[in-house]
Each structure stands twice: as C-alpha cells, then as structure tokens.
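Worksheet: the structure to be examined is printed underneath.
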Amino acid sequence: MINMIQAAKDQVAALTQAAYERASAAGTLPAGGEAVKATIEIPKDTSHGDYASSFAMAGAKAMHMAPRAIAQAIVDHLELEGSYFSKAEIAGPGFLNFTLGPKWYGDVLSAVEAEGPDYGSGTGGAGRKVMVEFVSANPTGPMHMGNARGGVLGDTLANVLARDGWDVFKEFYVNDAGNQIDKFARSIYARYMQLILGEEGYPFPEDGYHGEDIRELAQAIYEKDGQLWRSKPENDALLAMAQEGLSCNIPKMKADLKKYGIEYDQWYMESWLHDRGFVADTVQLLTGRGWTYEKDGALWLNTTELLKKKYLAEGKSQEQVDKLDLKDDVLRRANGFYTYFAADIAYHRNKLEERNFDLAINIWGADHHGHVARLQAALDGLGLDGSHRLVIVLMQLVNLLQDGKPVRMSKRTGKAIALHDLLDEISVDAARYYFNNRAATSPLDFDLDLAVRQDSENPVYYVQYAHARICSLIARLAEEEGAAVPAAAAVDAAALASPEELALVKALAQFPEELHLAARDYDPSRINRYLTALAGDFHRFYNACRLKGEKANVLAARLKLADTVRSVLANGLGLLGVNAPEKM
C-alpha cells in the first residue's frame with residue numbers, strides 16, 4: 001500500500017516541522033509554529049520545485065512575522081541529507097518549494113517492484129461490504145448498447161473498488177416477475193398460436209414484443225411441444241411460455257456477458273422476493289411507519305413527504321422544496337398486485353438490511369434519473385439511510401458510428417445492434433476499453449472504424465502497443481547486449497536525469513492516487529485516461545532516451561524504468577479487463 005506522492009508530501013511536512021523546531025530552539029523563530037496547518041501541493045509549474053508548502057504563510061499570524069522571513073529561517077535550518085529532496089527554495093510570497101532527488105525516484109521503482117500486481121492498492125474501502133449491481137437487463141430480449149456500456153462500467157468499477165479496499169460483490173438483478181414478464185409470455189403465446197392458426201387467426205397484443213427473437217422462442221416451443229398448449233388453460237400456457245422464454249434467454253445473457261469478460265457473484269431473481277412474501281412485508285413495514293395511505297382501492301407511498309424530508313436534510317430551503325413538482329407512488333394496485341417500485345424497494349431493503357451491505361451501487365441508464373431520489377427516500381422511510389447507502393451511477397447514451405454516420409441496425413440481422421452483434425465486429429478488448437473511455441455522465445461516441453484501427457489514433461491500440469513495445473525492447477536488449485532487467489535496489493537512480501525520465505517516474509507514482517480517486521468518485525474512466533497518458537510518457541521517453549550503447553548504469557536504470565512502466569500498464573489494463581499483449 002505504498003503511495004510515493006503521499007510519502008513525499010508527508011516528508012515535506014516532517015522536514016518543515018523539524019526545521020521550524022531547530023529554528024525555534026535557536027531563537028530565530030518564535031513560538032506558534034507548532035500548530036501551523038500548512039497545505040502541501042504539487043505546483044502546476046514544477047520547474048522551480050516539485051512540492052510547495054504554505055507553512056510560512058500559514059504561520060505568519062501566529063508567529064507575528066513576515067512569511068518570507070519565516071520561510072528563510074526554515075530553509076536555513078532544513079536538513080535534507082538522506083531525504084527525498086535535493087533542495088528547497090523560497091518562491092513568491094513565501095512558498096517553500098522542494099525539488100525531488102534521486103532517492104525518491106529510486107523508491108518509486110522499488111515500490112512498484114515490491115507490490116507487483118498489487119501496486120496502487122489502497123485502504124479507502126476499509127474492508128466495508130459493497131454490492132455493485134449492473135446491467136440487470138430485462139430477460140425479455142437480447143442486450144443492447146446501453147447494457148454493453150453499463151456492463152463494462154460496473155465490472156471495472158467493481159475491480160477498482162476491490163483494489164481500494166472494499167469487499168466487493170457483483171450482482172445481476174433479473175426482473176422475472178411483473179408486467180414485462182406477463183407481456184413477454186403473451187407475446188410468445190401469440191406467436192405460438194399464430195404458428196398453429198396463422199397470423200390472421202390469432203391477434204398479437206398491441207403492446208407486445210415484436211422482435212424476431214420472440215418468433216424464434218415460439219418456434220422452439222412449437223417444435224418441442226407441438227400443439228400441446230393450444231388446448232391448455234391460457235394461464236397455464238402463459239406460465240409455461242414465460243418459463244421456456246426465460247430458460248432460453250437467461251443462459252444466452254450469461255454467455256454473452258461471459259464472452260465480454262463479465263461474471264457475477266450472483267444472479268438474483270425478482271421472483272424470489274415475491275415468493276417468500278418479502279415485497280408484501282416491506283410494504284407493510286412502510287405502512288407501519290406511517291408512510292402509506294389508501295386511495296381508489298390502491299395503496300400509495302407518501303413519496304412527497306419522504307422527498308421533502310430528504311431534500312430539507314440535504315440543505316434545500318423550504319421555499320425550494322415547496323416549488324418542486326413531487327408526486328406519490330402506487331405500491332399495490334387495486335387488483336392486489338404489487339408495482340415494480342414496491343419490488344424495487346424490497347430488493348434494496350434486502351441488500352442493505354438482510355444482506356448487510358454497507359453500500360449498494362447501481363449502474364442505471366440516465367432515463368432512470370427521476371427514480372433515484374424516490375427510491376433513496378423510500379429506503380430512508382424504512383430507516384435504512386438510503387440517501388447515503390444507495391449510490392446510483394447514471395449512464396448516458398452510446399452513439400455507435402461507422403463511416404462517420406450513426407449505426408442503429410445490424411447489417412447481419414437487420415435488428416438493433418445487440419452486444420453479441422458488436423462482439424462479432426470488434427474485439428472484447430476494444431469494446432471494454434471504449435465503453436469505459438468516458439465518464440458515465442458523458443455521452444459516448446463509439447467509432448467502429450477507429451476501434452479496429454492499428455495506429456496511435458485508437459486508444460486501446462496505443463496503450464497495448466506501449467506494453468508490447470517494452471516487452472520487445474527487453475527481449476531485444478537481452479539478446480543483443482546480454483542486458484537483463486535489474487532489481488530496483490541495484491539501480492543508480494541518479495542516472496535518470498532527463499526531463500522525459502523524471503516525468504515518467506512521476507507518472508508511475510501517480511497510479512495509486514488515480515486508482516483511489518476512481519473508486520472515490522465511482523469513475524473508472526480515470527484509469528483509461530491515466531493509461532493513455534502513461535503510454536504517451538513512455539513513447540516520449542523511448543524517443544528521447546537511448547538504451548543500446550549507453551553506459552552500464554544508464555542502460556540498467558532505463559531498462560528498469562521501462563520494465564516498471566510495463567508492469568503498471570499491465571496492472572491498469574487488468575483493472576479494465578483488457579489484455580496486455582507481449583507482441584502486436
């Protein structure tokens with residue numbers, strides 16, 4: 001769990017405090033510096049220093065001295081021998097600028113070597129339990145582009161959270177109950193009956209599913225059972241159609257997602273909640289807490305009051321809340337059936353109360369925006385603190401492009417592009433990298449032509465090529481010069497002196513922070529941006545710094561640096577579920 005950037009900041013604070021204490025003991029600085037809370041930042045322009053401390057300015061009031069005078073006294077009493085820093089200077093109104101020395105650069109290489117594939121791991125999650133629920137597509141048809149983007153966002157976020165110290169559980173919620181399954185069954189049944197009676201002989205439901213996949217399911221049932229269901233009671237036939245359809249579709253979904261590199265800890269069925277009365281029990285709990293009322297034979301949730309309470313707690317004014325167009329929600333219809341919203345509340349109660357997850361994260365399409373606060377408020381009403389323990393990552397749409405034009409239909413099937421169609425066109429690596437290449441909150445243009453190009457314009461190729469290039473470089477130097485990658489302890493870090501080399505080591509040190517921020521902000525696309533930048537830093541180093549024919553200490557240091565970059569590239573690509581090839 002080594003973070004060399006944080007280690008440098010901590011050392012700046014320790015060195016500055018020790019220098020203050022020596023200056024105070026010598027009578028150069030007065031009392032008051034013991035309690036100074038200074039900021040330590042990395043300046044935008046590092047030409048005059050790599051870390052800047054505000055100690056002198058923060059302590060000016062307490063010590064009744066000008067900041068530059070305090071800064072001079074600190075610099076005069078600094079002892080940098082054996083530290084990460086080669087010098088310290090005063091800048092501007094009194095900033096203390098520290099410049100990194102060879103020890104820090106060498107220790108970055110040692111940290112990556114020591115932690116190997118665990119480099120970058122953190123403790124932000126502190127072992128807390130988190131469920132990441134994603135994709136959760138209706139099992140009534142094939143998965144589409146939104147599911148494809150949500151799949152890689154959820155899977156990569158789960159990987160990132162696990163590396164930041166969370167106890168992660170991945171789940172797919174199967175909506176195998178309710179209106180959409182009834183519509184699914186009636187659609188299959190209608191197509192089945194049309195196979196027997198002809199399309200004119202049996203009406204198709206106006207709101208039915210018209211896809212070719214429904215016809216294929218009906219045909220499969222007809223080939224297996226013949227006219228068996230024609231003479232059975234319709235309810236029995238519908239139940240059979242739903243079961244047959246789900247037993248066909250769910251394995252297909254699992255197979256598509258496995259091909260995409262996604263496997264879940266559990267596929268959780270909505271029907272499990274209904275079968276054991278958990279939905280009814282959850283609604284009863286809300287009633288017991290005074291959050292429901294009856295109207296027109298239905299049972300309603302007082303969502304309006306729950307949302308008002310939530311928004312006021314979040315800091316909105318009463319006037320702002322009163323202006324909101326808030327509405328209540330039906331939990332149980334007049335016919336006795338529970339709504340999807342009631343089942344959703346029960347499912348999230350199951351996550352937070354029954355299974356005791358500290359945090360539940362859902363990846364949803366942006367069209368679910370209006371559902372977020374209502375669900376959180378309902379969980380608040382159950383005493384489960386849904387406003388903090390349920391996090392919804394809203395995902396914008398994907399625009400699929402080819403030849404610069406939008407693509408909505410598969411050339412092969414004439415239907416909307418499904419996940420399995422996409423993976424027939426491009427590699428899993430390209431799909432996973434591209435779908436995670438922008439933050440979930442940004443719309444994504446997915447260029448099919450660019451995804452298969454083998455040049456630096458293709459971001460996944462650019463990063464993978466950097467990894468393969470390093471592997472080839474190491475193999476070539478071993479063959480031509482007998483040079484092997486040394487251990488970090490054997491490297492003369494002072495031999496790394498060019499701007500390109502130092503920038504590359506600093507980029508390697510940034511990885512733990514990027515990983516932590518990706519977890520904290522629920523934004524795994526930070527890893528893509530980091531890897532693209534790291535690959536760019538490596539290509540600049542490779543073009544500026546020779547290896548072949550250099551002095552032994554320079555060759556060894558540069559070879560170790562290149563191999564360390566290789567390790568971190570493989571590490572980051574692994575988080576994305578993307579291969580790190582040795583040859584391209």
Side-chain angles (χ1 to χ4, degrees), residues 124-125 128-138 145-161 164 166 168-175 262 264 266 268 270 273 282 301 303 306-311 313-316 324 326-327 329 339-353 355 357-398 435-436 438-444 517-526:
R128 287 171 291 171
K129 290 175 59 181
V130 58
M131 178 197 286
V132 184
E133 182 222 319
F134 56 105
V135 180
S136 295
N138 282 338
M145 290 299 99
N147 305 139
R149 187 180 191 189
V152 75
L153 284 173
D155 200 44
T156 308
L157 178 58
N159 293 341
V160 164
L161 290 166
D164 197 43
W166 288 86
V168 179
F169 190 88
K170 296 187 293 185
E171 187 154 289
F172 188 116
Y173 180 53
V174 183
N175 300 127
I262 298 174
Y264 292 86
Q266 181 165 244
Y268 193 99
E270 181 187 343
L273 298 167
T282 301
L301 180 69
T303 315
L306 283 166
L307 285 171
K308 284 181 179 179
K309 185 178 179 183
K310 170 182 166 65
Y311 291 142
E314 291 172 352
K316 280 187 170 65
L324 296 173
L326 303 178
K327 295 182 175 66
D329 293 284
T339 62
Y340 180 82
F341 188 48
D344 216 14
I345 297 169
Y347 175 48
H348 288 84
R349 174 191 162 212
N350 165 265
K351 292 181 184 182
L352 300 178
E353 183 179 273
R355 290 190 277 168
F357 284 99
D358 297 291
L359 188 69
I361 300 173
N362 296 350
I363 311 294
W364 283 358
D367 56 332
H368 288 76
H369 178 270
H371 191 56
V372 175
R374 293 161 55 236
L375 180 56
Q376 290 174 328
L379 294 169
D380 289 344
L382 287 167
L384 296 174
D385 192 16
S387 291
H388 297 100
R389 293 175 65 199
L390 174 61
V391 171
I392 308 293
V393 177
L394 291 173
M395 172 187 67
Q396 294 294 329
L397 294 173
V398 178
F435 278 122
N436 195 59
R438 297 284 298 275
T441 51
S442 300
L444 178 70
L517 292 174
R520 185 198 70 181
D521 299 340
Y522 314 114
D523 180 14
S525 69
R526 292 191 73 108

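Please read these numbers as outputs of a predicted model, since none were measured by experiment.
For Arg438, there are no salt bridge (charged side-chain N to carboxylate O under 4.0 Å, His left out) partners, not counting sequence neighbours. Contacts of Leu397 classified as side-chain contact (heavy atoms from CB on, under 4.5 Å), with partners at least two apart in sequence or in another chain: none. Checked against side-chain contact (heavy atoms from CB on, under 4.5 Å), Lys316 has the following partners two or more places apart in sequence or in another chain: Tyr311, Gln320, Val321. Applying the side-chain contact (heavy atoms from CB on, under 4.5 Å) criterion to Ser525, with sequence neighbours excluded, gives Ala439, Asp523, Arg529. Scanning for salt bridge (charged side-chain N to carboxylate O under 4.0 Å, His left out) contacts around Arg349 gives Asp281, Glu353, with sequence neighbours left out. The side chain to side chain donor-acceptor pair (under 3.5 Å) test applied to Asp380 returns Ser387, not counting sequence neighbours. Residues passing the ring-ring contact (aromatic ring centres under 6.0 Å, His included) test with Phe134, sequence neighbours excluded: Tyr264. Taking the side-chain contact (heavy atoms from CB on, under 4.5 Å) definition, one finds that Glu270 meets it with Tyr173, Asn175, Asp176, Ala177, Gln180, His274, Tyr340, Ala343, sequence neighbours left out. With sequence neighbours left out, Phe169 forms a ring-ring contact (aromatic ring centres under 6.0 Å, His included) with Phe357. Remark: Arg355 pairs with Glu171 by the salt bridge (charged side-chain N to carboxylate O under 4.0 Å, His left out) rule, at least two apart or across chains.
Residue pairs meeting the salt bridge (charged side-chain N to carboxylate O under 4.0 Å, His left out) criterion with at least one partner in residues 387-396, sequence neighbours excluded, do not occur; the list is empty. Residue pairs meeting the salt bridge (charged side-chain N to carboxylate O under 4.0 Å, His left out) criterion with at least one member in residues 360-373, sequence neighbours excluded, do not occur.
Between Leu394 and Gly365, the shortest heavy-atom distance links the atoms CD2-O, 3.5 Å. Nearest approach of Thr282 to Ala346, heavy atoms of both residues: OG1-CB, 3.5 Å. Residues Val160 and Ala519 share a closest heavy-atom pair of CG1-N, 3.5 Å. Residues Ala440 and Leu153 approach most closely at CB-CD1, 3.9 Å, considering heavy atoms. Scanning both residues, Leu352 and Leu384, for their nearest heavy atoms gives CD1-O, 4.1 Å. For Ala366 against Gln396, the heavy-atom pair with the smallest separation is CB-NE2, 3.6 Å.
Once rounded to the nearest 0.5 Å, the distance linking CG of Asp385 with CD of Gln376 reads 9.5 Å. Atoms CG and CG, from Leu444 and Asn436 in turn, are 9.5 Å apart once rounded to the nearest 0.5 Å. Taking CG from Leu390 and NE2 from His348, the interatomic distance works out to 5.0 Å, rounded to the nearest 0.5 Å. Remark: Lys170 NZ to Leu157 CG distance equals 11.0 Å, nearest 0.5 Å.
The 12-atom threshold is not exceeded at NZ of Lys309, counting heavy atoms of other residues, nucleotides or ligands nearer than 6.0 Å.
Side-chain atoms of Arg526 do not come within 3.5 Å of backbone N or O of Tyr522 as any donor-acceptor pair. The backbone N or O of Thr303 lies less than 3.5 Å from no partner atom in the side chain of Asp329, so there is not a single donor-acceptor pair. Formation of a donor-acceptor pair under 3.5 Å by the Arg149 side chain with backbone atoms of Gly146 is not found in this model.
Between the side chains of His368 and Asn362, no donor-acceptor pair is found at a separation under 3.5 Å.
With contacts defined as side-chain heavy-atom distances shorter than 4.5 Å, the pair Glu133/Tyr268 does not qualify. Using a 4.5 Å heavy-atom threshold, the side chains of Leu307 and Arg374 count as touching. Side-chain contact between Phe172 and Ile262 is absent, with no heavy-atom pair separated by less than 4.5 Å. A 4.5 Å side-chain heavy-atom check between Val130 and Val391 finds every atom pair outside the cut-off.
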_For a side chain to side chain contact (heavy atoms under 4.5 Å, CB included) check, start with the C-alpha distance between Ile345 and Leu382, then their side-chain angles and the critical distance, and finish with the verdict._
CA-CA 9 Å; Ile345 297 169; Leu382 287 167; 3.8 Å; yes

